[in-house]
Structure formats: C-alpha cells, structure tokens
Amino acid sequence: MNANFPKQNENTAGNVAGESSKISAGTTIRGEIQSPNDIMLDGNFEGKIISQSRVTVGTKANIKGDIICNNCDFSGKIEGNFFVKDTLSLSGSCIVNGDLHIKRLQVELDAKFNGNCHMISEEEFSRLTNSGKPATPPEPAKTPQSAAEPATTQQSQQRFSVPHPFGEPKKQNFPEA
C-alpha cells in the first residue's frame with residue numbers, strides 16, 4: 001500500500017470525478033478496501049479501509065479494523081484505529097474503541113471514545129502508513145531494579161510508564177502567573 005497521498009488544496013474534492021463507493025446497511029464485508037475515491041459505509045466491515053479521499057461512516061455501521069484516509073466523518077461503531085491525514089469528525093452517536101493518529105479532531109457532545117489520541121503531521125502520517133501496516137509503538141524500556149527500591153514501586157512505575165510513540169514532547173518554559 002502506498003499511503004503517500006498527493007497534497008490537495010482545500011477546494012478539491014479529492015476523489016476521481018466525484019465518484020464514491022457505498023456499502024449499504026445490511027451488507028457485511030471482510031478484507032481490505034483500497035480506493036482513490038470517497039467511501040460511504042453503513043454496513044458491517046472487518047479489515048482495513050484505505051481511501052485517498054474521505055471516508056463517511058453512518059450510524060448503522062459496525063467496523064472491526066483500521067481506517068486510513070485523508071478525512072473521515074464517523075457516526076458508527078469501531079474497534080480499531082484511525083490514521084487520518086487531515087480531519088477526523090466524531091459525531092455524538094459514535095462509539096470508538098481504538099487509537100487516533102490524526103492531524104485535526106472534531107468531536108460532538110456524547111461521542112464515546114476509549115483510546116489514545118496522537119496528533120500527527122503529514123510526515124508522520126506518511127511514516128505510519130507507508131508500509132501498508134500502521135507502525136506499533138515501541139515497547140517500554142525496562143529499568144533494572146535497585147536493591148533499595150521495593151518491587152511494588154517499580155511494577156507500579158512500569159505499569160503506568162508509556163513512552164510517547166513519536167519521542168518525548170518538547171519541554172516549554174511558560175512564565176509563571
């Protein structure tokens with residue numbers, strides 16, 4: 001998969017001749033969908049959805065897998081991750097169980113989201129999606145336990161210590177109020 005999508009200006013629809021693919025309610029598909037066009041989904045899907053344009057997921061949709069696209073309007077249910085080059089919009093009716101790797105996020109009241117949110121640049125989007133599979137974050141480094149430190153303290157620190165997938169955030173000095 002090559003997810004290095006061409007840059008689009010804001011006035012471009014991003015799909016070929018205004019075409020879109022639609023999966024209606026009651027339809028179940030398993031596998032991988034790749035399209036240069038918009039994708040509209042109201043059915044059940046298990047696998048990976050890849051669009052070089054917009055993915056629109058309706059309230060009746062149920063997805064188990066990842067969505068990789070330029071923009072996404074999401075109203076359904078998903079157990080999987082989003083990799084969105086620009087904007088992900090979560091409606092108030094959606095249920096998301098997975099991680100977001102996005103440039104921008106718009107969330108309506110009552111949207112349900114359980115996961116991590118990573119704000120990424122276009123370069124990071126390309127890096128994460130270039131191999132066809134989203135990259136997994138590195139495993140946390142294990143530190144040797146000193147004899148003076150109790151085991152429960154170290155276990156507690158390891159359990160809650162999760163490295164940032166794109167390196168440590170830059171520290172900023174803010175003036176005190």
Side-chain angles (χ1 to χ4, degrees), residues 1-16 20-23 32-140 162-172:
M1 173 196 91
N2 183 2
N4 290 325
F5 302 152
K7 282 195 169 194
Q8 300 171 0
N9 67 32
E10 294 177 353
N11 296 329
T12 304
N15 60 2
V16 178
S20 63
S21 300
K22 181 170 175 142
I23 300 166
E32 183 172 298
I33 296 175
Q34 291 190 31
S35 177
N37 302 322
D38 291 351
I39 298 173
M40 297 169 46
L41 177 72
D42 283 312
N44 299 310
F45 184 81
E46 188 174 323
K48 189 184 295 185
I49 298 170
I50 303 165
S51 170
Q52 293 181 12
S53 193
R54 177 176 302 279
V55 174
T56 302
V57 179
T59 58
K60 296 179 182 177
N62 190 4
I63 298 172
K64 290 184 181 179
D66 295 342
I67 296 176
I68 302 169
C69 60
N70 275 348
N71 293 288
C72 185
D73 297 320
F74 193 83
S75 300
K77 213 172 164 184
I78 186 170
E79 287 184 33
N81 303 310
F82 286 93
F83 297 85
V84 182
K85 188 174 184 179
D86 194 6
T87 304
L88 170 63
S89 298
L90 300 177
S91 78
S93 63
C94 78
I95 299 173
V96 176
N97 290 305
D99 293 340
L100 312 180
H101 304 269
I102 55 174
K103 184 175 180 182
R104 289 188 264 259
L105 177 63
Q106 179 179 357
V107 182
E108 289 182 3
L109 291 176
D110 295 329
K112 292 171 183 62
F113 166 59
N114 295 303
N116 295 305
C117 182
H118 305 280
M119 304 305 279
I120 60 174
S121 66
E122 287 186 24
E123 292 79 25
E124 290 166 322
F125 175 85
S126 296
R127 184 177 55 80
L128 285 170
T129 60
N130 197 24
S131 67
K133 283 189 202 172
T136 55
E139 291 293 320
V162 178
H164 192 279
F166 305 117
E168 290 300 315
K170 293 180 184 172
K171 299 207 186 251
Q172 298 177 356

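Keep in mind that this is a model prediction, so the values were computed, not measured.
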**Message:** Quick check against the 3.5 Å criterion: does Asn71 have a side-chain atom that pairs as donor or acceptor with the backbone of Thr87?
**Reply:** yes
**Asked** Is Val107 close to Leu90 at the side-chain level, that is, under 4.5 Å between some pair of heavy atoms?
**Response** yes
**Message:** How long is the straight-line distance from CZ of Arg104 back to CE of Met119, given to the nearest 0.5 Å?
**Reply:** 9.0 Å
**Partner residues of Asn62 under the side chain to side chain donor-acceptor pair (under 3.5 Å) criterion, sequence neighbours left out** = none
**Fill in**
Closest non-hydrogen contact found for Leu105 with Cys117 is CD2-SG, 4.2 Å
**Prompt:** Listed by chain and number, what are the salt bridge (charged side-chain N to carboxylate O under 4.0 Å, His left out) partners of Asp99, not counting sequence neighbours?
**Reply:** none
**Spacing of Ile120 atom CD1 and Leu100 atom CG [to the nearest 0.5 Å]** = 10.0 Å
**Complete:** OG of Ser126 to NZ of Lys85, rounded to nearest 0.5 Å, is 6.0 Å
**Fill in**
Closest heavy-atom pair, Ser20 versus Met40, reported as atoms and distance to 0.1 Å, is OG-SD, 4.0 Å
**Asked** Lys22: what forms a salt bridge (charged side-chain N to carboxylate O under 4.0 Å, His left out) with it, not counting sequence neighbours?
**Response** Asp42
**Request:** Just jot down the side chain to side chain donor-acceptor pair (under 3.5 Å) partners of Asn114, sequence neighbours excluded, or say none.
**Result:** Asn97
**For Thr59, side chain to side chain donor-acceptor pair (under 3.5 Å) partners two or more places apart** = none
**Message:** For the CD1 atom of Ile68 and the CZ atom of Phe125, what is their distance to the nearest 0.5 Å?
**Reply:** 6.5 Å
**Complete:** Between the CG atom in Asp66 and the CD1 atom in Ile78, the distance rounded to the nearest 0.5 Å is 7.0 Å
**Asked** Of all heavy-atom pairs between Val55 and Cys69, which one has the smallest distance, and what is that distance?
**Response** CG2-CB, 3.7 Å
**Request:** Kindly write out the residues that satisfy ring-ring contact (aromatic ring centres under 6.0 Å, His included) with Phe45, not counting sequence neighbours, or none if the list is empty.
**Result:** none
**Prompt:** What residues, two or more places apart in sequence or in another chain, satisfy side chain to side chain donor-acceptor pair (under 3.5 Å) together with Ser35?
**Reply:** none
**Asked** Pairs in or reaching into residues 67-77: which pass salt bridge (Lys or Arg N to Asp or Glu O under 4.0 Å), with residues at least two apart or in two chains?
**Response** Arg54-Asp73
**Message:** Measuring from atom CG of Asn81 to atom CG of Leu128, what distance do you get when rounded to the nearest 0.5 angstrom?
**Reply:** 10.5 Å
**Prompt:** Which ring pair (Phe, Tyr, Trp, His ring centres under 6.0 Å) pairs, counting each pair once, include a residue from residues 50-77, with sequence neighbours left out?
**Reply:** Phe74-Phe82
**Message:** Tell me every residue that passes side chain to side chain contact (heavy atoms under 4.5 Å, CB included) with Glu46, counting only those two or more places apart in sequence or in another chain.
**Reply:** Arg30, Lys64
**Item:** Under 3.5 Å donor-acceptor, Ser21 side chain and Ile39 backbone
**Value:** no
**Prompt:** Nearest heavy-atom pair of Ser91 and Ala111: which atoms, and what distance?
**Reply:** O-CB, 3.3 Å
**Message:** Just to verify, what does Lys103 make a salt bridge (charged side-chain N to carboxylate O under 4.0 Å, His left out) with, not counting sequence neighbours?
**Reply:** Glu122
**Asked** For residues 88-97, which residue pairs qualify under salt bridge (Lys or Arg N to Asp or Glu O under 4.0 Å), counting only residues two or more places apart or in two chains?
**Response** none
**Prompt:** So do the side chains of Ile33 and Ile23 get within less than 4.5 Å of each other, counting heavy atoms only?
**Reply:** yes
**Item:** Side chains of Ser121 and Glu124 in contact at under 4.5 Å (non-hydrogen atoms)
**Value:** yes
**Residue pair Phe83 / Thr129: nearest heavy atoms and the distance that separates them** = CB-CG2, 3.9 Å
